[in-house]
Amino acid sequence: MTLKIAAVLALALGLTAFVGFLKVLGEGPFDAPEARHLRAMKVRRSAPEHPAGISFGAIDSLPSHAPLAAYAPIEGRGVVLDGYVQYMLRSTDGDTHLELTEHAPPPGSTSNLYVTAEITPEWYAGARAWRYEHLLSTFRPESGGNLTGWGHDPRRVRVTGWLLYDFQYDPVGPAGSRPPGSLRISGWEVHPVTKIEAWDEARAAFAEVPR
């Protein structure tokens, strides 16, 4: 009897964990349309045909806590964002997470307002130059793992990709309030990133980091 009870409990815990995992992915059986839509947007495999430049201020002005029908059309926009990577990490979902700042962060600082950009496995898989370690040395962020002194400031970069509203991480409250000390500008991201360019000091121009 004890073994049967243990088996039932183990099965129940396994099912709970599995459902929880699906919920994180936005693929749970009881997930809201917003969660399912979010997952579909995150795994886009096509690059935007006509991306347009966007500023950090314009991203900050995009709507927060709007209904799905209002923000979904905005996610059809391809954008180009110019800035600096202050922080870089491997996310638990496999994405390469970038914190982009408008201005070059002071030496040793990772406490600047930022916009999130995400490089998904669909885009970095099989792309040697987009591997985490290679991008780490390309961006020269102030933090990002295996960090040694670069001898140079973070490199100016330009990322192209799709706008995506990740409502789960929007620091702006429904009433427009922000928690004290919040550094993330918005729940809006460049996600997925489909093109990366790095500033070439010798040419004084951006050069693509080919996949």
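Owing to the predicted nature of the structure, the values given are computational and were not obtained by experimental measurement.
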State, yes or no, whether a side-chain contact exists between [X] and [Y] at a heavy-atom distance under 4.5 Å.
X      : Y      : answer
Asp200 : Phe206 : no
Thr160 : Pro51  : yes
Lys42  : Trp162 : no
Val157 : Tyr84  : no
Ile196 : Leu135 : yes
Pro63  : Ile74  : yes
Asp166 : Trp188 : no
Leu100 : Phe56  : yes

Which pair of non-hydrogen atoms, one from [X] and one from [Y], has the smallest distance, and what is that distance?
X      : Y      : result
Gly161 : Thr194 : CA-OG1, 3.7 Å
Pro121 : Gly94  : CG-O, 3.7 Å
Pro105 : Pro154 : CG-CG, 3.9 Å

Separation between CZ of Arg158 and NZ of Lys195, rounded to the nearest 0.5 Å: 7.0 Å
Spacing of CD1 belonging to Ile54 relative to CG belonging to Leu163, to within rounding of 0.5 Å: 5.0 Å
Applying the 4.5 Å side-chain criterion to the ILVMFWY set and letting contacts propagate, would [X] and [Y] be lumped into a single cluster?
X      : Y      : value
Val85  : Leu183 : no
Val159 : Val80  : no
Leu62  : Leu113 : yes
Ile185 : Val172 : no

Contacts of type side-chain hydrogen bond (donor to acceptor under 3.5 Å, both in side chains), residue Arg155, not counting sequence neighbours: none
Evaluation steps, side chain to side chain contact (heavy atoms under 4.5 Å, CB included), between Val209 and Trp130: CA-CA 8 Å; Val209 181; Trp130 282 29; 4.0 Å; yes
Set of residues satisfying side-chain contact (heavy atoms from CB on, under 4.5 Å) with respect to Glu118, sequence neighbours excluded: Ser91, Asp95, His97, Thr116, Glu189, His191
Stepwise side chain to side chain contact (heavy atoms under 4.5 Å, CB included) check, Phe167 with Glu34: CA-CA 9 Å; Phe167 56 86; Glu34 290 81 1; 3.8 Å; yes
Verdict with supporting geometry, Glu75 and His37, side chain to side chain contact (heavy atoms under 4.5 Å, CB included): CA-CA 11 Å; Glu75 294 176 313; His37 171 81; 2.4 Å; yes
Arg156 vs Glu102, salt bridge (charged side-chain N to carboxylate O under 4.0 Å, His left out): CA-CA, chis, key distance, verdict: CA-CA 10 Å; Arg156 184 180 171 194; Glu102 184 173 8; over 6 Å; no
Can you check whether [Y]'s main-chain N or O pairs, donor with acceptor, with [X]'s side chain at less than 3.5 Å?
X      : Y      : result
Arg44  : Met41  : yes
Gln86  : Asn112 : yes
Ser182 : Pro179 : no

Pair Glu197 + Arg203, salt bridge at N-O below 4.0 Å: no
Candidate pair Met88 and Leu136, rule side chain to side chain contact (heavy atoms under 4.5 Å, CB included), full reasoning: CA-CA 8 Å; Met88 178 175 170; Leu136 191 66; 3.9 Å; yes
Qualifying side-chain hydrogen bond (donor to acceptor under 3.5 Å, both in side chains) pairs with a residue from residues 54-64, counting only residues at least two apart or across chains: Asp60-Arg178, Ser64-Asp170
Geometric cation-pi criterion, Arg184 with Tyr114: 6.0 Å, 45°: no
Arg77 atom CZ, neighbour heavy-atom count above 12 within 6.0 Å: no
